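Read through the structure below, which is laid out as structure tokens, and then see the notes.
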Amino acid sequence: MESTGSGLVPGPRPASGARRTPGAPRGPLPRRLRGPAWLDGPMTSCHLVVGAAGMLLAIGLVMVFSASAIEAALNDQPAWRPGVDQLVFAVIGLGAMAVALRLPAGLIRRWAPLALVGSAVLLLLVFVPGLGMELNGSRAWLDLGVTQFQPSEFAKLVFALWGAHMLAIRDRYLTVRTLLVPLLPVFGVLSLLLYLEPDFGGIVSLGLVLIGLLWGGGMPLRFFAWGAGIAAVGIWVMVKAAPYRMERITAFLDPFADPTDSGFQAIRGFYALATGGLWGVGLGNSAMKWNLLPEAESDYIFAIIGEELGFLGCLVVVTLYGVLAYAGFRIARRSADRFVQLASVAITVWLVGQAAMNMGYVVGLLPVTGVTLPLVSAGGTSLVLTLFIVGLLIRFARSEPEAIEHQRRHTPGRLTRLLLPVAEHAVEPVRPRRRSRVEPAGRAARDAERAARDAERAARGPAVSGRRTVARVVPGAPGRERASGPRERRVPDARGRGGDGRRQPPPRARLTAPDSPRRPR
């Protein structure tokens with residue numbers, strides 16, 4: 001049997017008594033498990049990201065409408081108000097995605113350090129009275145009047161892009177020390193600012209970004225084990241410092257020990273998942289959203305999905321996050337730009353890891369950390385920045401070498417060229433931020449001076465016209481050569497020859513010339 005692209009076809013078999021020639025293949029190798037042919041297409045990564053993110057966004061909008069309507073009505077608000085707010089943020093996020101689709105990787109790398117400083121400043125502004133806003137015991141929002149902005153979400157995105165930029169610069173001489181030195185100090189400063197808010201979920205999400213950068217940078221696995229031990233010690237210290245964190249840990253281990261206080265939310269989440277069963281109770285028919293499950297539209301929206309859409313609905317959501325993870329790692333594997341590889345790994349680990357943590361504490365496998373479900377949970381800042389990140393992944397997918405060749409072979413429409421431009425290079429250069437600012441008059445004078453200098457040089461003629469730089473052999477010292485520059489032009493004498501400047505033939509030509517005596521060997 002011979003293996004072809006379409007399957008196994010019968011091939012010639014050797015005779016039963018024939019002996020195998022030494023070095024000949026023993027037989028057809030076992031066929032490796034492969035997916036369908038369209039998975040190897042040049043635009044597959046882009047299509048997977050768009051499809052998975054689009055379906056998650058659609059599911060999130062529908063579930064936010066369903067989970068928040070009853071609570072809004074009980075608070076004397078229009079039942080449609082929270083869902084419409086989420087829809088408005090989704091439209092803003094799609095605009096941010098369109099901006100991300102047109103951002104070159106070189107431009108992102110150029111401004112990543114300044115954006116990191118700006119994110120640290122925003123994290124400090126939440127402590128300013130009148131600017132910072134406290135919700136649920138955490139001072140992690142800035143009051144913008146129209147809405148609230150959470151700087152920690154912006155800080156996680158900037159840390160991922162800045163870290164990828166730094167590791168891409170140091171890639172040729174990357175060691176464990178150079179891998180940790182630029183990342184760990186910045187991670188420590190940002191984590192300290194998040195700890196002062198306090199925002200324990202933000203610290204965990206920032207840690208996911210750090211893990212993605214270190215993993216993409218090639219950190220040995222034994223250092224991850226040391227890091228896990230240090231993280232466990234840090235979590236123990238933070239749990240001892242705040243009693244409510246200890247309550248979360250105990251509620252995770254045994255939520256029924258305190259069903260009316262620390263384990264109340266976890267138990268209601270279990271009831272919602274158990275009520276849904278396989279098929280669910282139907283869209284909009286949840287009982288736990290009647291103010292029985294706190295934060296049903298944000299932290300525990302996965303429990304409402306399980307109650308209304310059942311196990312199959314939860315399975316669809318988990319599958320979509322798996323597709324998003326596959327697409328992100330596929331982009332990192334097929335890209336030629338080291339920055340794109342590292343940024344794709346960091347972003348994918350962050351998004352999928354945060355989704356796994358949210359679904360993990362809803363089903364009781366992890367302690368409650370307060371992180372939301374990306375693209376699904378209610379939240380303005382989180383949704384806009386997540387859609388911006390999705391736009392970056394789409395941009396990175398379209399900058400794969402094979403994807404660029406495919407786009408250049410097919411002429412797109414005008415709208416496609418406007419919204420989805422084709423990357424010029426698979427590895428985009430990084431240009432410096434600082435540029436010489438010259439007034440138009442000064443620039444014109446400089447150009448005129450340069451043109452006059454070029455014209456004068458052209459009038460003089462080339463510095464060396466029709467000459468070559470040769471090496472003269474010193475008589476009596478074979479093998480030693482003396483380099484000389486261009487010879488000066490000599491005025492020919494009356495006989496028409498150039499006097500001492502006459503060009504001599506090379507030594508080998510002089511030996512083989514007919515009029516020269518032959519040297520004895």
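If you read the sequence from its start, that first residue is 1, and numbering goes on from there. These figures come from a predicted structure and were not determined experimentally.
Across all non-hydrogen atoms, the minimal contact from Ala332 to Gln341 is O-CG, 3.2 Å. Pairing each heavy atom of Ser286 with each of Ile304, the nearest pair is OG-CD1, 3.8 Å. Met288 approaches Ala272 most closely through the heavy-atom pair CG-CB, 3.8 Å. Ala325 and Val352 get closest at one heavy-atom pair: CB-CG2, 3.6 Å. Shortest non-hydrogen contact noted between Ala343 and Ala164 is N-CB, 3.6 Å. Nearest heavy-atom pair across Gly163 and Leu183 is CA-CD2, 3.7 Å.
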Checklist entry - Yes or no on side-chain hydrogen bond (donor to acceptor under 3.5 Å, both in side chains) for Gln150 and Ser382, after CA distance, side-chain angles and deciding distance? => result CA-CA 8 Å; Gln150 191 172 6; Ser382 175; over 6 Å; no
Checklist entry - Yes or no on salt bridge (Lys or Arg N to Asp or Glu O under 4.0 Å) for Lys289 and Glu307, after CA distance, side-chain angles and deciding distance? => result CA-CA 10 Å; Lys289 66 183 181 183; Glu307 184 181 7; over 6 Å; no
Item to check | Full working for ring-ring contact (aromatic ring centres under 6.0 Å, His included) between Phe302 and Tyr361 | outcome: CA-CA 10 Å; Phe302 189 71; Tyr361 70 68; 9.9 Å; no
Next on the checklist: side-chain hydrogen bond (donor to acceptor under 3.5 Å, both in side chains) for Ser68 and Glu71? Distances and angles first, verdict last.
Outcome noted: CA-CA 6 Å; Ser68 60; Glu71 186 176 357; over 6 Å; no
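The CD1 atom of Ile331 sits 11.0 Å away from atom OH of Tyr326, with the distance rounded to the nearest 0.5 Å. In this structure, Leu309 CG and Met63 CE are separated by 5.0 Å, a value rounded to the nearest 0.5 Å. Expressed to the nearest 0.5 Å, how far CZ of Phe223 lies from CG of Leu214 amounts to 11.0 Å. Rounding to the nearest 0.5 Å places CG of Leu190 at 10.5 Å from CD1 of Ile203. With values rounded to the nearest 0.5 angstrom, Trp111 atom CH2 is found 8.0 Å from Leu107 atom CG.
Taking the six-membered ring wherever Trp is involved, the centroid distance between the rings of Trp215 and Phe329 falls below 6.0 Å. The aromatic ring centres of Phe159 and Phe154 sit 6.0 Å or more apart.
Side-chain atoms of Ser377 and Glu297 form no donor-acceptor pair, as typed in the model, at a separation below 3.5 Å. A donor-acceptor contact closer than 3.5 angstrom is absent between the side chains of Arg268 and Gln265. For the 3.5 Å distance criterion, the side chains of Thr381 and Gln148 fail to qualify, holding no donor opposite an acceptor.
Looking at Glu402 and Arg334, a side-chain N of the basic residue comes within less than 4.0 Å of a carboxylate O on the acidic one, giving a salt bridge.
When side chains are defined from C-beta on, Arg398 counts as touching Gln407, because their heavy atoms get closer than 4.5 Å.
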